[in-house]
J.: 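Pasting in a structure now, in structure tokens, and then I'll have a few things to ask.
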Amino acid sequence: MLPKPQRLTKEKDFERVYKKGEFFAQDFLMGKMLKNNLNVTRFGIVVGVKISKKATKRNRVKRRLREAVRLKLKDIKKGFDVVIMVRPEIADKDYHEIDAAVTKLLRKAALL
RNA sequence: CAAGUGGACUAGAUGAUCGCCCCCGCGUAAUGGGGGGAGGAAAGUCCGAACACCCUUUGUUCUUCAUGGCAAACCAUUAGCGAACAAAGAAGUGGGUGCUGGGUAAUUCCCAGCGGUCCUGCAGUAAUGUAGGGUUAGGGAAAGUGCCACAGAGACUAUACUAGCUUAUAGCUCGUAGCUUUAGGCAAAAGGUGAAAAGUAUGAGGAUGUAUCUCGAGAUGCUACCUCGUUUCCUCCCGGGUGACUGGGAUGGAUGGCAAACCCCACCUGGUGCAAGACCAAACAAUGGUUGGUUGCUUGACCCCUCAAGUAAUCGAGGGGCUAGAUAGAUGAUCAUCUGAAAAAACAGAAUUCGGCUUAUGGUCCACUUGGGCC
RNA sequence: GGGCGGCUAGCUCAAUUGGUUAGAGCGUCUCGGUGACAUCGAGAAGGUCACAAGUUCGAGUCUUGUGCCGCCCA
């Protein structure tokens, strides 16, 4: 799990990133990012019902994504709000594939 | 051995690294230390309750009018039978339940029983009875309405097509007799239709009628009606049972099915739901809505053990235990080893709480049923 | 968390208050027609009425349970 200050929690924060954020994508991952004028980078992870109707599978995907992001936190540039979204193919991927995709995604966004 | 049904138990272990949530009367300048951290279904939301607020009624107590002064502000309301506390839910538009007794906070749930029904065995000529097992939404059809397709003559006010008897009429014929046409009446035992044919069924004997077969007579099958025996249901009487029901007897009687068709009867039911509600702050003249936060939030119809009551569901007493409480939402990720056929081993993620029901599902064990093999 | 609705042919929809063999349009296939195609004409195939159980003589229709899809409430 991410430390609490580095989570995106408020509905309004998500709305702001959705409307004004810069879009990028890689494989089965998508993201939007926006400067937040803080000295930390905050992450929000969105896994919708379309990924799977089973709550257990969605939770598994979210945990793996968070873990992949958490292990890279100290190398990530500070001062952004990032929302990560997923496509349905992620349901069959194991942790190592997700980890590799997250690395490529963050490099593409120039956060890493 | 295989399959099915029912029941009980279980839901990987250990270690390493990196993390998250809650608690601590452990501790610090800070870093830290310790403890706890998803399910049997957490699911579906099909029921029931707790709890909260609102509505109505009643009772008790307190007060005799606090804020504000009728509106420029996003919306609504704003001067009155006021406020607080407690108890109750009358009426039944409507909704729900429906054999009996018990359990429970309560139920459409659970337990035990009664009746029906199905299967197997036994008894009997048969109807039927009886033992075991399964299953059962099971009040009322002599309160009323409605429906019963197709087929069939007729389908609940029964009914006359074929065959039969009979009256009238007209025709053929020499003819009072015979045959035929048309109209009406009688009769429900035969034929054929259907889920059902008019309403208890069945056996024996008599009797009547009829169909088929062969040489007139006989044989076989069905049979109105009568007698006797057994039997279903209704009514009444006497027993048994808390009761649903049931045993015996009597004279009298015979009422088609469908209420998961309308309906009738009996009983239950005020409404909304933690997105309930409460508090703090912001804004407003005030209150509410609104926005942000706190709370409600986990000690509870709780769990475990022993003894007692009860056929059981369940419950009484004693002892012990504390077992998630999040809020973009924790309870994890990766690797290694072990058990294992397989650890990528199923189904699946708490959101106010609890009790049921239903559905999904890996493994182990037990009981029963069916089938096969061996002795 | 709470509330509500739907499911019939490949697609879009019917089925008259339980009744005989579930229909229509589009689409598909075959034949005709054309040098070939379209339009057109003729014909045919295609349904576990979402699934299961029950009530009934009889169920797409009634009852109950299940599954799937969708909508509403901050």
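Numbered from 1 within each chain, the chains take letters A, B, ... in sequence-line order. Both backbone and side-chain heavy atoms feed into the values below; hydrogens, waters and symmetry mates do not.
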J.: Within a 6.0 Å radius of atom NZ on Lys57(A), are there more than 12 heavy atoms belonging to other residues, nucleotides or ligands?
T.: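 Incorrect, the count does not exceed 12.
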J.: Any strand is fair game: report the nucleotide pairing with U193(B) by Watson-Crick or G-U wobble, both distances under 3.5 Å, or none.
T.: none
J.: Take atom NZ in Lys20(A); do more than 12 heavy atoms of anything else shown fall under 6.0 Å from it?
T.: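 Count not over threshold, so no.
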J.: Only pairs with both distances under 3.5 Å count, Watson-Crick or wobble alike; so what is the partner of A281(B) in this structure?
T.: U291(B)
J.: In whole Å, measure the gap between the P atoms of C110(B) and A313(B) for me.
T.: 14 Å
J.: Considering only atom P, compute the distance from U364(B) to G340(B) and round it to an integer number of Å.
T.: 14 Å
J.: Could you please name the partner base of G43(C), counting Watson-Crick and G-U wobble pairs only when both distances are under 3.5 Å?
T.: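 The answer is C29(C), by the H-bond criterion.
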J.: Taking syn as a glycosidic torsion within 90° of 0 and anything else as anti, which one is A38(B)?
T.: syn
J.: Distance check: side-chain N/O of His96(A) vs OP1/OP2 of A333(B), anything under 4.0 Å?
T.: no
J.: Taking the side chain as C-beta and beyond, is there a heavy-atom pair between Val86(A) and Phe28(A) under 4.5 Å?
T.: no
J.: Could you write out each protein N or O paired with an N or O of nucleotides 15-18 of chain B at a distance under 3.5 Å?
T.:
unit_1	atom_1	unit_2	atom_2	d
C18(B)	O2'	Arg70(A)	NH1	2.7
C18(B)	O2'	Arg70(A)	NH2	3.2
C18(B)	O2	Arg70(A)	NH2	3.1

J.: Using the C1' atom on both, measure U100(B) against A142(B) and round to a whole Å.
T.: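 Looking at atom C1' only, U100(B) and A142(B) are 26 Å apart.
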J.: How would you label the glycosidic angle of U298(B): syn (within 90° of 0) or anti?
T.: syn
J.: One thing to verify: whether Lys72(A) and Asp99(A) come together as a salt bridge, which I'm taking to mean a side-chain N less than 4.0 angstrom from a carboxylate O.
T.: yes
J.: Could you give the CD-to-P distance, from Glu97(A) to A333(B), as a whole number of Å?
T.: 17 Å
J.: Should Leu8(A) and Phe43(A) count as side-chain neighbours, where that means a heavy-atom distance under 4.5 Å?
T.: no
J.: Just name whichever nucleotide pairs with A326(B), Watson-Crick or G-U, keeping both distances under 3.5 Å, else none.
T.: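 Here A326(B) is not engaged in any pair, so there is no nucleotide opposite it.
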J.: Nearest whole Å is fine: how far is A333(B) P from Asp94(A) CG?
T.: 13 Å
J.: Please answer whether the main-chain N or O of Ala25(A) pairs with a side-chain N or O of Lys108(A) as donor and acceptor at a distance below 3.5 Å.
T.: yes
J.: Whole angstroms only, please: what is the CZ-C1' distance between Arg60(A) and A348(B)?
T.: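 Distance, rounded to whole Å: 11 Å.
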J.: Just to confirm, is there a sub-4.0 Å distance from OP1 or OP2 of G349(B) to any side-chain nitrogen or oxygen of Thr56(A)?
T.: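 Indeed, a polar side-chain atom of Thr56(A) lies that close.
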J.: Is the glycosidic torsion of G40(B) within 90° of 0, making it syn, or is it anti?
T.: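 In terms of base orientation relative to the sugar, G40(B) is syn.
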J.: Take atom C1' in A42(C) and the same atom in G47(C), then report the distance between them in whole Å.
T.: 25 Å
J.: Got Ile45(A) and Arg66(A) here, is their nearest side-chain heavy-atom distance under 4.5 Å?
T.: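 Heavy-atom side-chain distance check passes, below 4.5 Å.
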J.: Using the P atom on both, measure G35(B) against U14(B) and round to a whole Å.
T.: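 About 15 Å, rounded to a whole number of Å.
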J.: Using the C1' atom on both, measure G33(B) against U28(B) and round to a whole Å.
T.: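 It works out to 11 Å between them.
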J.: For G6(B) and C335(B), measure between their C1' atoms and round to the nearest Å.
T.: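 Straight-line distance between the two C1' atoms is 45 Å.
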J.: Under a single-linkage definition using a 4.5 Å side-chain heavy-atom cutoff for Ile, Leu, Val, Met, Phe, Trp and Tyr, are Ile76(A) and Leu105(A) assigned to the same hydrophobic cluster?
T.: yes
J.: Can you check whether Glu97(A)'s main-chain N or O pairs, donor with acceptor, with Asp94(A)'s side chain at less than 3.5 Å?
T.: yes
J.: Should the pair Glu67(A)-Arg70(A) be classified as a salt bridge under the 4.0 Å nitrogen-to-oxygen rule?
T.: yes
J.: For U334(B), take OP1 and OP2 only and decide whether either is under 4.0 Å from a side-chain N or O of Arg64(A).
T.: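 Checking Arg64(A) against U334(B): at least one side-chain N or O falls below 4.0 Å of OP1 or OP2.
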J.: Rounded to the nearest Å, what distance is computed from the CD atom of residue Gln6(A) to the P atom of nucleotide G19(B)?
T.: 12 Å
J.: Could you work out the separation of C228(B) and C233(B) based on their C1' atoms and round it to a whole Å?
T.: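 Between the two C1' atoms, the distance is 22 Å.
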J.: Enumerate all atom pairs, one protein N or O and one N or O from nucleotides 325-331 of chain B, separated by less than 3.5 Å.
T.:
unit_1	atom_1	unit_2	atom_2	d
U327(B)	OP1	Lys4(A)	NZ	2.9
A328(B)	O2'	Leu8(A)	O	2.4
A328(B)	N6	Glu11(A)	OE1	2.3
A328(B)	N6	Glu11(A)	OE2	3.3

J.: Any donor and acceptor pair, going by atom type alone, linking the side chain of Lys32(A) with main-chain N or O of Tyr18(A) inside 3.5 Å?
T.: yes
J.: Pick one for U323(B): is it syn, with its angle within 90° of 0, or anti?
T.: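 Chi for U323(B) falls in the syn range.
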